[in-house]
Each structure stands twice: as structure tokens, then as C-alpha cells.
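Let me begin by presenting the structure, written as C-alpha cells, before commenting on it.
Being a predicted model, the structure only gives us computed values, none of them experimental.
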Amino acid sequence: MSEESQVLVIFPHPDDESFSSAGTLARYIDHGVPVTYACLTLGQMGRNLGNPPFATRETLPDIREKELENAMEAIGITDLRKMGLRDKTVEFEPHDEMDAMVQSLIDELHPSVIISFYPQFAVHPDHEATAEAVVRTVGRMPASERPRLQLVAFSNDAPEKLGAPDILNEISDYKEVKLRAFEAHSSQTGPFLKQLATPEVSGEAQSFLEVEPYWTYNFES
């Protein structure tokens with residue numbers, strides 16, 4: 001954990017980081033590793049408006065931006081980059097522009113590890129476009145200079161097709177941090193928070209607060 005020199009997190013939406021990596025990122029920070037989060041959009045087109053609703057289509061962008069900032073405070077991330085893309089349009093961004101954005105972050109930060117999504121196992125079109133840009137860009141770098149890719153695979157068939165996760169970060173010590181980060185995104189996370197609060201919470205839901213799985217990416221030589 002502490003051997004990393006810089007962690008670069010690239011996800012398209014506010015709350016992607018909290019669902020997948022809040023405990024892992026808080027642990028990196030506790031070990032003195034700098035963490036930068038490049039959030040590509042502000043989640044302007046999120047399906048949920050709160051439960052019960054407290055946002056409108058007009059107010060949701062500002063609400064989600066503030067939720068993102070509150071989640072960063074909960075996790076301990078002080079270097080947040082808002083990259084200014086439009087929610088649900090990342091898949092239509094020109095590849096060269098996406099790749100140039102990723103490369104500029106790498107050139108500036110020299111990360112030892114990048115956390116993002118795994119291509120073809122990320123479920124949402126914005127997730128997939130982000131994953132593909134990260135892999136394309138890192139894949140063009142000389143092998144000796146590539147940051148390690150620590151990738152999130154959300155699709156149900158990931159374990160079958162990718163095998164067991166390469167990394168299982170035990171985050172029980174950061175359960176409260178992850179809950180606070182998740183609660184910060186309240187416009188989107190209300191139903192799942194209610195599920196977590198039920199006495200009969202499922203093992204899958206409970207594991208969300210205990211383990212964060214990742215797959216590494218091996219480029220063909």
C-alpha cells in the first residue's frame with residue numbers, strides 16, 4: 001500500500017469512487033500516498049433526484065457537484081479535478097481528446113497506479129468509454145513507464161470471464177469512511193443506504209463495506 005508514489009483515480013461520475021474505492025482510497029491517504037481524483041462529469045443526467053425527491057433536473061448538477069465535494073472530504077482527498085465533460089456523453093467524445101486528457105494527467109502526476117474501470121465489464125457506456133481511454137493511453141506507453149492499472153469490474157460475469165479479483169482490499173477499518181462518502185451522494189444512494197440499514201442486509205450488500213475488489217490489466221506484449 002505505502003509503496004505507491006501517487007494514485008490517480010479516473011471515473012466518469014460522482015459516486016463511482018465511493019461505490020468502488022472509498023475504503024481503498026482512504027487507506028492510501030492514511031499511508032501518506034497522494035491521491036488525485038479526476039471526475040469526468042458532474043453526473044448531470046443521474047436517474048435519481050433523491051428519495052424522496054429533493055432535486056430537479058435544473059438543480060441536480062449543482063447538488064451532485066456539492067455531493068462530490070462532500071464525499072472527497074469524507075475520504076480525505078484534497079486533489080479533486082473536475083474535468084468538465086457532460087454526463088451520458090462520454091462515449092461520444094473523440095478518442096484522441098479522451099486519450100490526450102488521460103495522458104496529460106499521467107504526464108503531470110506520474111502515477112504509480114491508476115484506478116478506473118475494466119473495459120467490457122463496466123456496465124455503463126460512460127464507464128466503458130472511460131475504461132477504454134485509460135487502457136488505450138497506458139497501452140501506448142513504453143512498458144517500463146506504464147503505471148499499474150487497478151481496475152473495477154461491475155458486471156456480474158466478471159469473475160467468470162476474468163477470473164477471481166487480483167486484489168481484494170480488506171476495508172473493514174474504513175467502513176465508516178465508506179458509509180460517510182456514500183451518504184454524501186444522497187441524491188443517488190438513498191435506496192441502497194436503506195438496504196444497508198436493514199437487519200437482514202444481504203451478504204453481498206454487507207461485503208460492499210468490507211472488501212473492495214480489483215483486477216489488474218495485462219497488456220499483450
Side-chain angles (χ1 to χ4, degrees), residues 7-26 35-51 53-77 79-95 97-99 101-102 105 114-135 137 149-156 158 177-193 196 208 212-215:
V7 177
L8 172 58
V9 184
I10 306 176
F11 288 127
H13 306 124
D15 75 18
D16 289 338
E17 83 296 328
S18 294
F19 268 105
S20 68
S21 304
T24 294
L25 299 178
V35 174
T36 296
Y37 180 24
C39 189
L40 303 192
T41 84
L42 293 178
Q44 300 95 327
M45 300 300 292
R47 288 183 299 171
N48 298 322
L49 299 174
N51 187 17
F54 58 82
T56 67
R57 281 288 152 213
E58 288 71 29
T59 63
L60 187 63
D62 289 341
I63 287 171
R64 293 207 72 184
E65 183 173 13
K66 183 61 176 175
E67 289 177 344
L68 174 62
E69 292 168 353
N70 291 342
M72 296 302 94
E73 184 175 355
I75 295 169
I77 295 173
D79 188 8
L80 169 63
R81 313 290 180 94
K82 302 170 187 175
M83 305 307 291
L85 301 186
R86 180 77 179 177
D87 189 17
K88 293 193 176 178
T89 70
V90 178
E91 63 178 310
F92 304 115
E93 292 287 332
H95 285 187
E97 294 181 14
M98 287 286 291
D99 296 0
M101 178 180 62
V102 173
L105 290 164
I114 296 177
I115 295 177
S116 191
F117 286 116
Y118 201 111
Q120 300 182 38
F121 297 93
V123 179
H124 188 290
D126 282 357
H127 296 181
E128 294 290 353
T130 303
E132 290 164 6
V134 169
V135 168
T137 303
L149 297 185
Q150 186 169 308
L151 304 178
V152 175
F154 273 157
S155 64
N156 292 333
V177 171
K178 186 158 187 171
L179 268 176
R180 288 197 302 273
F182 203 56
E183 288 166 350
H185 295 291
S186 58
S187 69
Q188 306 301 303
T189 60
F192 193 64
L193 283 169
L196 287 173
F208 163 86
E212 290 174 341
Y214 300 92
W215 283 260

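With sequence neighbours excluded, no residue forms a ring-ring contact (aromatic ring centres under 6.0 Å, His included) with F92. In terms of the salt bridge (charged side-chain N to carboxylate O under 4.0 Å, His left out) criterion, residue partners of K82 (sequence neighbours excluded) are, by chain and number, E65, E69. Taking the ring-ring contact (aromatic ring centres under 6.0 Å, His included) definition, one finds that Y37 meets it with nothing, sequence neighbours left out.
Within the model, atoms CD of E183 and CG of N70 stand 11.5 Å from one another, a figure rounded to the nearest 0.5 Å. To the nearest 0.5 angstrom, W215 atom CH2 is 9.0 Å from F121 atom CZ. The CE atom of M72 sits 11.5 Å away from the CD atom of E67 when rounded to the nearest 0.5 Å. Note that CD of E93 is 7.5 Å distant from CE of M101, once rounded to the nearest 0.5 Å. From L40, atom CG reaches atom OG1 of T130 across 4.5 Å, with rounding to the nearest 0.5 Å. Remark: L68 CG to E17 CD distance equals 6.0 Å, nearest 0.5 Å.
No side-chain donor-acceptor contact under 3.5 Å links S155 and Y118.
Without hydrogens or angle criteria, E128 side chain to A122 main chain gives a donor-acceptor distance under 3.5 Å. Put simply, the side chain of E132 never gets that close to the backbone of P119: no donor and acceptor are under 3.5 Å apart. A distance-only check finds a donor-acceptor pair linking the side chain of E212 to the backbone of T24 [under 3.5 Å]. Put simply, the side chain of T41 gets close to the backbone of P12: a donor and an acceptor are under 3.5 Å apart.
The two residues L151 and F117 make their nearest non-hydrogen contact at CD2-O, 3.5 Å. Contact detail for S20 and D16: the closest heavy-atom pair is OG-O, 2.8 Å. What you find for A129 and M98 is that their closest heavy atoms are O-CE, 4.0 Å. Between A74 and A181, the shortest heavy-atom distance links the atoms CB-N, 3.8 Å.
Side-chain contact between S116 and L8 is absent, with no heavy-atom pair separated by less than 4.5 Å. When side chains are defined from C-beta on, D15 counts as touching R64, because their heavy atoms get closer than 4.5 Å. In this structure, I115 and F11 have side chains that are in contact, with non-hydrogen atoms separated by less than 4.5 Å.
Checking L42, D126, L60 one by one against D87, the side chain to side chain contact (heavy atoms under 4.5 Å, CB included) holds for a single residue, D126.
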K178 and F208: CA distance, side-chain angles, deciding distance, side-chain contact (heavy atoms from CB on, under 4.5 Å) verdict: CA-CA 9 Å; K178 186 158 187 171; F208 163 86; 3.5 Å; yes
